[in-house]
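One structure below.
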Amino acid sequence: MPELPEVEVVRAGVEHWVAGRTVDDVAVLHPRSVRRHTAGAEDFSLRLKERSFTAVRRRGKYLWLELDSGDAMLAHLGMSGQLLVQPREHAAERHQRVRIGLGPAERELRFVDQRTFGHLMIDPLVDDTRGGSAGVPAVISHIALDPLDPAFDDDVFSATLRRKRTEIKRALLDQSLISGVGNIYADEALWRARLHWARPTAHLRRPQVSGLLEHLRDVLREALAAGGTSFDSLYVNVNGESGYFERGLKAYGRAGQPCGRCGAAIRREAFMNRSSYSCPGCQRAPRG
DNA sequence: ATGAATTCCTGTTGGC
DNA sequence: TGCCAACAGGAATTCA
């Protein structure tokens, strides 16, 4: 499931292949994949055709391909989305949803997405009110900076977090507070910080928040260096190669296996219609 | 206004 | 062998 490290791997790969290319053909094969483009699939294609890609940027789990029109093609991979660059004559992937011809190269950009939680849309770039220098797509202006962004402010995050009446893992998954963190890296950072997912944010000390951010950045950077995490080949990078950080996971998906720190069996708990993995020895549940 | 629950989707897996 | 429930989960939307 693509989180920040996987999306960054895709961003870099896509940028290598599309920068300077001009769109000479667009085919929307599944309308759901452009559902957030409210003007419709035809308008989506129209705004891409004959436009050139100038840069590829990312914030959290969103990435966008800047166009020479002042718009950007915004992409979110959801759970199973892939952006692939393939020769045009290469056979279509089973769940190919959108195809974008890259002139004058004999290649095309393909959006492949089995579960269709991901999406593409065209959106105007607006001034970034969150501290960046480049423009951001208007529809994601509410998304917070991610913790690897140089402009991310730890003190502001800590203060905002401690004003909230919620649990720490909910906050980590709230993209308006901090972006790029999903279920996997939230569990990994909490394990490293020895914090249980249900800890109330209002009771966290500032040094605990700082420590958590440090662990979060560590695990994100390690995963990025390894090319991202992948489990079932639904997620692959732009060249079709799976990431392999799963061997570095200490909590996520390890229910029943011994904690690498204290040996206790990692537990799995239901949480927000999904699962949370933690160590009962090193991550004590809060009282109440 | 805030926080939490619901919903969208498809392929795989496990139990009976 | 076949059927069905559970599961994977990001984030917009809806609800309380």
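Chain letters run A, B, ... following the sequence lines, proteins first, then strands; residues in each count from 1. All of these numbers come straight from a predicted model, not from anything done at the bench.
OP1 and OP2 of B:dG11 both lie 4.0 Å or more from every side-chain N or O belonging to A:Q114. Within the 4.0 Å cut-off from OP1 or OP2 of B:dC9, not a single side-chain nitrogen or oxygen of A:H95 is found. Distances shorter than 4.0 Å separate none of the side-chain N or O atoms of A:K164 from OP1 or OP2 on B:dT2. Using a 4.0 Å cut-off, some side-chain N or O of A:R94 falls inside it from OP1 or OP2 of B:dG11. Put simply, A:Y277 has a side-chain N or O that comes within less than 4.0 Å of OP1 or OP2 on C:dA8. Listed pair A:S275 / C:dA8 meets the phosphate criterion, a side-chain N or O lying under 4.0 Å from OP1 or OP2. Contact annotation: A:S80 side-chain N/O to C:dA8 OP1/OP2 distance is not under 4.0 Å.
When the local axes at the two ends of the helix from B:dT2-C:dA16 to B:dC16-C:dG2 are compared, using 5 base pairs at each end, they differ in direction by 60° after rounding to 10°.
Qualifying salt bridge (Lys or Arg N to Asp or Glu O under 4.0 Å) partners for A:R57, counting only residues two or more places apart in sequence or in other chains: A:E66.
Remark: C1' of C:dG10 and CG of A:L173 are 9 Å apart, rounded to the nearest angstrom. Rounding to whole angstrom units, CG of residue A:D174 and P of C:dT13 are separated by 15 Å. Here the C1' atom of nucleotide C:dA11 and the CG atom of A:L172 are 16 Å apart, to the nearest Å. Atom CD in A:E6 sits roughly 15 Å away from atom C1' in C:dA8 (whole-Å rounding). Between the P atom of C:dG10 and the OH atom of A:Y185 lies a distance of 12 Å, rounded to the nearest Å. If you measure from atom CG of A:L77 to atom P of C:dA11, you get 10 Å, rounded to the nearest angstrom. Taking atom CZ of A:R163 as the reference point, atom C1' of B:dT2 lies 13 Å away to the nearest angstrom. If you measure from atom CZ of A:R35 to atom C1' of C:dG10, you get 10 Å, rounded to the nearest angstrom.
At a threshold of 4.0 angstrom between heavy atoms, the contacts of A:H30 with the nucleic acid are absent. Contacts of A:N273 with the nucleic acid, taken as non-hydrogen atoms under 4.0 Å apart, include base atoms. Contacts of A:R97 with the nucleic acid, taken as non-hydrogen atoms under 4.0 Å apart, are absent. At the heavy-atom level, A:F271 lies nowhere under 4.0 Å from the strands shown.
Nearest-nucleotide assignment on DNA chain C puts the 5′-proximal partner with A:R268, out of A:R268 and A:M272.
A donor-acceptor pair is defined here as one N or O able to donate and one able to accept, closer than 3.5 Å; no such pair exists between the side chain of A:R35 and the backbone of A:H119. A:E15 places no side-chain N or O within 3.5 Å of a backbone atom of A:R11 that could act as its donor or acceptor partner. In terms of modelled atom types and a separation under 3.5 Å, the side chain of A:D187 and the main chain of A:A251 share no donor-acceptor contact. Counting only distance, with no hydrogens or angles, the side chain of A:R115 and the backbone of A:G78 share no donor-acceptor pair below 3.5 Å.
A:R88 has a carboxylate O that lies under 4.0 Å from a charged side-chain N of A:E106, or vice versa, which qualifies the two as a salt bridge.
Here the straight-line distance linking atom CG of A:L161 with atom CG of A:L212 works out to 8.0 Å at 0.5 Å rounding.
Taking each heavy atom of A:P280 and A:A264 in turn, the nearest pair found is CG-CB, 4.2 Å. Of all the heavy atoms in A:D218 and A:R192, the pair that sits closest is CB-NH1, 3.8 Å.
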What verdict does the side chain to side chain donor-acceptor pair (under 3.5 Å) test give for A:D113 and A:S80, after you've listed the backbone C-alpha separation in whole Å, the side-chain angles of each residue and the deciding distance to 0.1 Å?
CA-CA 5 Å; A:D113 188 11; A:S80 55; 2.6 Å; yes

With side chain to side chain donor-acceptor pair (under 3.5 Å) as the test, would you mind laying out the steps for A:Q82 and A:E93 before giving the verdict?
CA-CA 11 Å; A:Q82 307 170 42; A:E93 283 74 16; over 6 Å; no

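With C:dA12, B:dC9, C:dA11 as the choices, the nucleotide that has an atom nearest any side-chain atom of A:Q175 turns out to be C:dA11. Distances from the side chain of A:M79 to the nucleotides C:dA11, B:dG3, C:dA8 place C:dA8 closest. Residue A:T116 places its side chain closer to B:dC9 than to any other of B:dC9, B:dG3, C:dA8.
Taking 3.5 Å as the limit, the base of B:dA4 and the side chain of A:R170 contain no donor-acceptor pair of atoms between them. A donor N or O paired with an acceptor N or O is found under 3.5 Å between the base of C:dG10 and the side-chain atoms of A:R274.
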Find every protein N or O atom lying less than 3.5 Å from an N or O atom of nucleotides 14-16 of chain C, and list the pairs.
none

